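These numbers come from a predicted model, not from an experiment. The chains referred to below are lettered A, B, ... by the order of the sequence lines, with proteins before strands, and numbering in each begins at 1.
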Amino acid sequence: MAGEKIKIQLAKGPAGEFDTGTDIATVLKTLAPDDRNRPVCAKWNGKSVDLSFSITQPAEVEGIPLDSPEGEDILRHTAAHIMAQAVKELFPGTQVAIGPTIENGFYYDFDTERPLTPEDLDKITQRIKEIIKRDLPVVRSEMPREEALALFAGRQENYKVELINDLADEATVSLYTQGDYVDLCRGPHLPKTSLLRHFKLLSVAGAYWRGDEKKPMLQRIYGTAFARKEDLKKYLHMLEEAKKRDHRKLGRQLELFEINDTAGGGLILYHPKGALLRWILEDFEKQEHLRRGYQPVIGPQILKSDTWRISGHYDYYKENMYFTEIEGKEYGIKPMNCPAHMMIYQSKTRSYRDLPIRFFELGTVHRHEKTGVLHGLLRVRGFTQDDAHIFCLPEQLTDEIIGVIDFIKDVMNVFGFEYTLEISTRPEKSIGSDEDWERATKALQDALLRHDLSYEINEGDGAFYGPKIDVKIRDAIGRSWQCATIQCDFTLPERFQLTYVGSDGSEHRPVMLHRVIFGSLERFMAVLIEHYAGKFPLWLAPTQVVIINITDRQLAYAGKLKERFDAAGIRTELDGRQEKMGYKIREAQMKKIPYMVIVGDREMESSRISLRSRDRGDLGTREVEETLQMIRTEIDERRDGTETDEIGT
RNA sequence: GCCGCUGUAGCUCAACGGUAGAGCAACGCAUUCGUAAUGCGUAGGUUGGAGGUUCGAUUCCUCUCAGCGGCUCCA
């Protein structure tokens with residue numbers, strides 16, 4: 001840098017001439033002295049770098065402010081390093097593994113001498129605050145691989161050594177140092193620790209090294225950090241809100257279901273309200289399927305193991321299945337509905353004119369799930385799928401896939417879910433030929449491409465018998481859930497020797513799609529509970545209306561009203577207890593019942609009612625007939641309840 | 001399955017080596033009330049289960065079951 005000058009262009013700003021080797025911090029200060037965003041990192045020709053990065057060639061640079069999405073990601077990354085430093089200071093002998101940022105936060109995995117407890121989080125938080133106060137510069141350095149290996153080996157950081165060993169093709173590696181703490185890291189990072197201000201450690205958990213259950217279990221600490229205090233507060237508040245929507249909590253509060261120790265984990269006992277909700281969903285699905293040319297079928301709960309051998313489940317799914325024995329013969333409890341549907345297809349000669357054949361079953365299946373994965377209604381051992389198998393001609397495949405996607409779209413619209421699509425490809429443990437897998441995967445892709453639907457690829461995530469399209473829905477507070485899936489299968493028709501007679505008079509093999517819309521009724525109900533925060537739209541609410549009399553004088557009138565509501569097909573309860581009206585209203589509100597019909601002397605004398613909405617409060621008095629019609633319409637239109645509809649007059 | 005935490009009345013929680021208590025719910029009585037809690041009273045528990053330490057265990061230890069936060073896995 002013998003006085004040589006280079007031109008540096010500020011993105012969306014002026015350019016200037018600088019000495020070779022000038023660092024970005026200086027460049028930014030010179031070209032944008034008034035920038036109130038105070039950059040913490042920068043983009044150099046589109047690549048994220050530290051402020052200390054020195055420029056040796058003409059370039060375009062741009063400051064990254066702390067409160068930008070990228071700045072916040074860097075902030076979290078540095079927070080992870082500072083946390084690691086704190087843990088190492090507090091627990092000498094701890095080895096650090098990896099500490100990446102994740103959506104809305106970060107974590108770091110440690111190999112500690114003793115497991116970390118929630119109380120340790122407070123201590124670590126205090127130490128992090130100290131390190132922030134020390135205002136340590138975070139310094140980048142580079143060194144040859146071998147040197148770095150020796151450095152981390154000398155510091156007994158075996159996980160880092162393993163990581164460097166896997167970076168075989170890189171000649172040098174970059175390190176970041178603050179105080180005594182050194183970490184292997186690509187960067188960039190904040191220039192100094194004092195820039196971390198608003199953070200919170202959230203939880204400790206076990207996590208396998210490199211996500212491999214055969215490798216050692218490490219201690220993971222999750223945390224989050226934000227550029228602005230309000231944003232941290234908002235995020236923590238959102239976590240609280242999500243907790244309030246927890247379907248396990250609401251499931252108990254609203255008396256929907258229970259999971260009973262004595263009955264066993266992962267097995268759902270539906271209480272009357274929950275069973276009613278499920279009936280409503282099932283009725284809805286039955287109607288929708290009949291409308292779309294599906295035929296109902298029902299398979300048995302257990303099938304002889306001969307079946308599972310033919311289907312391949314015996315070899316590829318056995319560890320997820322339960323077995324029993326009848327007179328010396330082994331039977332498997334069904335984990336999937338397909339084999340029975342295959343047999344029903346097989347039961348007679350099918351013509352190409354019959355295809356596509358669409359078999360639908362609300363099929364209850366049981367799968368062995370490890371204890372640790374059970375989670376309310378979201379992950380259970382016994383569940384009911386809204387399962388269908390579509391048998392079609394190869395040339396019908398695309399249309400059938402599109403038909404299913406349209407079906408999914410219609411259903412998700414009813415509940416107000418947005419969704420995205422993913423294609424999952426062949427997993428390691430799978431059956432069928434490579435050609436079939438390729439054909440099947442291509443069929444799914446073609447269908448999506450032909451209808452201009454964008455999707456992401458999920459390598460190796462398919463079912464053992466075929467690739468799948470997964471539908472990820474987004475709920476009211478932005479979380480995503482996997483429910484619907486479409487799987488293309490050339491293998492099972494082969495294994496079950498399914499045929500149809502073609503126009504040429506000879507036998508051909510049909511192609512099959514497996515598909516679910518809700519996925520499982522249990523999981524979908526959990527998602528609905530959390531999506532609506534328990535405030536089900538009228539058409540789904542187990543109790544739609546509660547009639548509240550103010551004094552005993554109106555009890556008979558209230559009883560007559562209930563009869564009229566019942567006759568109109570509205571799910572109505574009468575709260576005739578000798579309690580104050582305010583108390584009954586409060587209870588109805590807490591049970592999240594959509595409408596309250598309140599009758600006192602005034603209403604009784606005029607043969608009217610007073611209506612109160614769960615969401616909109618007192619709606620005033622009105623005619624009974626008008627109310628019945630208004631409610632009926634809202635039910636029939638399956639309004640999702642979020643829109644503000646004009647009530648009556 | 002793995003790591004950590006937790007398990008007390010129907011629910012939410014207290015007591016934490018000295019033999020279990022509150023609010024809500026339930027039940028009874030009184031109250032007959034106008035849009036989110038009327039008052040009084042009654043009943044309710046082998047402290048998840050089994051074993052151990054101790055004069056004594058809800059409390060400490062071991063095992064086991066279940067739940068929670070994650071990991072792996074998944075509809």
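Minimum atom distance to the side chain of E369(A) is reached by rC73(B), of the listed rC71(B), rC73(B), rC33(B). Side chain of T117(A), nearest nucleotide from rG70(B), rA75(B), rC5(B): rC5(B). Distance from the side chain of K370(A) is smallest to rG1(B) among rA36(B), rG1(B), rC74(B). Side-chain proximity of M217(A) to the nucleotides rC73(B), rC5(B), rC3(B) is greatest for rC3(B). Nearest nucleotide to the V380(A) side chain, out of rG67(B), rA75(B), rC33(B): rA75(B). With rC74(B), rU35(B), rG67(B) as the candidates, the nucleotide lying closest to the side chain of D618(A) is rU35(B). Looking at the side chain of V373(A), the nearest of the listed nucleotides rA36(B), rU72(B), rG34(B) is rU72(B). Which of rC73(B), rG34(B), rC71(B) sits closest to the side chain of I550(A) comes down to rG34(B). Among rA37(B), rG70(B), rU32(B), the nucleotide with an atom closest to any side-chain atom of R553(A) is rU32(B).
A distance of about 36 Å separates the P atoms of rG45(B) and rG4(B), rounded to the whole Å. Only the C1' atoms considered, rG17(B) is 7 Å distant from rA57(B), to the nearest whole Å. Between rU59(B) and rU53(B), the distance separating the two C1' atoms is 13 Å to the nearest Å. For the C1' atoms, the distance from rU8(B) to rU12(B) is 12 Å, rounded to whole Å. Nucleotides rA50(B) and rU42(B), compared at atom P, are 32 Å apart to the nearest Å. If you take atom C1' in rA9(B) and the same atom in rC27(B), they sit 15 Å apart, rounded to whole Å. Spacing of C1' atoms, rG49(B) relative to rA66(B), comes out at 10 Å, to the nearest Å. Nucleotides rU47(B) and rU38(B) are separated by 35 Å at their P atoms, to the nearest Å.
Both G211(A) and G265(A) lie near RNA chain B, and the one whose nearest nucleotide falls closer to the 5' end is G265(A). Along RNA chain B, the nucleotide closest to R577(A) and the one closest to S520(A) are compared, and the more 5′ of them pairs with R577(A).
Listed for the R602(A) side chain is no donor-acceptor partner under 3.5 Å among the backbone atoms of V599(A).
Among the heavy atoms of the strands lying under 4.0 Å from A205(A) is at least one base atom, whether or not backbone atoms are also near. Counting any heavy atom pair closer than 4.0 Å across all strands shown, Q482(A) reaches sugar-phosphate atoms only and no base atom. Among the atoms of the strands shown, only primed sugar atoms or phosphate atoms (P, OP1, OP2) are found under 4.0 Å from some heavy atom of L116(A). Heavy atoms of D601(A) sit under 4.0 angstrom from at least one base atom. Within the nucleic acid shown, Y222(A) comes within 4.0 Å of sugar-phosphate atoms alone, with no base atom in reach, counting heavy atoms only. Note on G582(A): only backbone sugar-phosphate atoms sit closer than 4.0 angstrom, heavy atoms only; bases stay farther off. Backbone-only engagement by G519(A) is indicated by non-hydrogen atom pairs under 4.0 Å involving sugar-phosphate atoms exclusively. L218(A) comes within 4.0 angstrom of nothing in the nucleic acid, heavy atoms only.
In this model, a side-chain donor or acceptor of Y208(A) finds a partner on the base of rG1(B) within 3.5 Å. Side-chain to base pairing of R523(A) with rC74(B): one donor and one acceptor N or O lie within less than 3.5 Å of each other. Judged by atom type and distance alone, R379(A) reaches the base of rC73(B) through a side-chain donor-acceptor pair under 3.5 Å. Under 3.5 Å, the side chain of Q578(A) and the base of rA30(B) form no donor-acceptor pair of N or O atoms. Judged by distance alone with a 3.5 Å cut-off, a donor-acceptor contact links the side chain of E603(A) to the base of rG34(B).
The aromatic rings of F284(A) and F518(A) sit parallel, their planes meeting at an angle under 30°, below the 60° perpendicular limit. Between Y532(A) and F536(A), the two ring planes are perpendicular [angle over 60°; tilted spans 30° to 60°].
Remark: R248(A) is not in phosphate contact with rC11(B), judged by side-chain N or O atoms under 4.0 Å from OP1 or OP2. For rA75(B), the OP1/OP2 oxygens have a side-chain nitrogen or oxygen of K468(A) closer than 4.0 Å. Applying the 4.0 Å criterion to OP1 and OP2 of rC74(B), one finds that H368(A) has every side-chain N and O outside that range. Phosphate proximity of rG39(B) to Y583(A): absent, as no side-chain N or O sits under 4.0 Å from OP1 or OP2. In terms of phosphate contacts, R252(A) brings a side-chain nitrogen or oxygen within less than 4.0 Å of OP1 or OP2 of rU12(B). Residue R381(A) has no polar side-chain atom (N or O) positioned under 4.0 Å from OP1 or OP2 of rA75(B).
What you find for Q589(A) and S613(A) is that their closest heavy atoms are OE1-O, 4.0 Å.
Distance M581(A) CE to rA36(B) C1': 10 Å, rounded to the nearest Å. Residue L121(A) contributes atom CG, which lies 12 Å from atom P of rC5(B) at whole-angstrom precision. Counting to the nearest Å, the C1' atom of rU72(B) and the CZ atom of R220(A) are 11 Å from each other. Following rounding to the nearest Å, K591(A) (NZ) and rU35(B) (P) show an atom-to-atom distance of 20 Å.
The aromatic ring centres of F417(A) and H531(A) sit less than 6.0 Å apart. For Y108(A) and F110(A), the gap between ring centers is short of 6.0 Å.
Of the nucleotides present, rA66(B) is the one that pairs with rU6(B) by Watson-Crick or G-U wobble criteria, both distances under 3.5 Å.
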Task: salt bridge (charged side-chain N to carboxylate O under 4.0 Å, His left out) between R210(A) and E162(A), worked out - done: CA-CA 11 Å; R210(A) 305 203 134 176; E162(A) 189 176 328; 3.6 Å; yes
Open item on the list: Working note: R292(A) + D410(A), criterion salt bridge (charged side-chain N to carboxylate O under 4.0 Å, His left out); need CA distance, chi angles, decisive distance, verdict.
Closed with: CA-CA 12 Å; R292(A) 289 174 164 84; D410(A) 290 351; 2.6 Å; yes
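Between the side-chain ring of F383(A) and the base of rA75(B), a stacking contact exists by the 5.5 Å and 30° definition.
With respect to the salt-bridge test (charged N to carboxylate O, under 4.0 angstrom), the residues E241(A) and K244(A) qualify.
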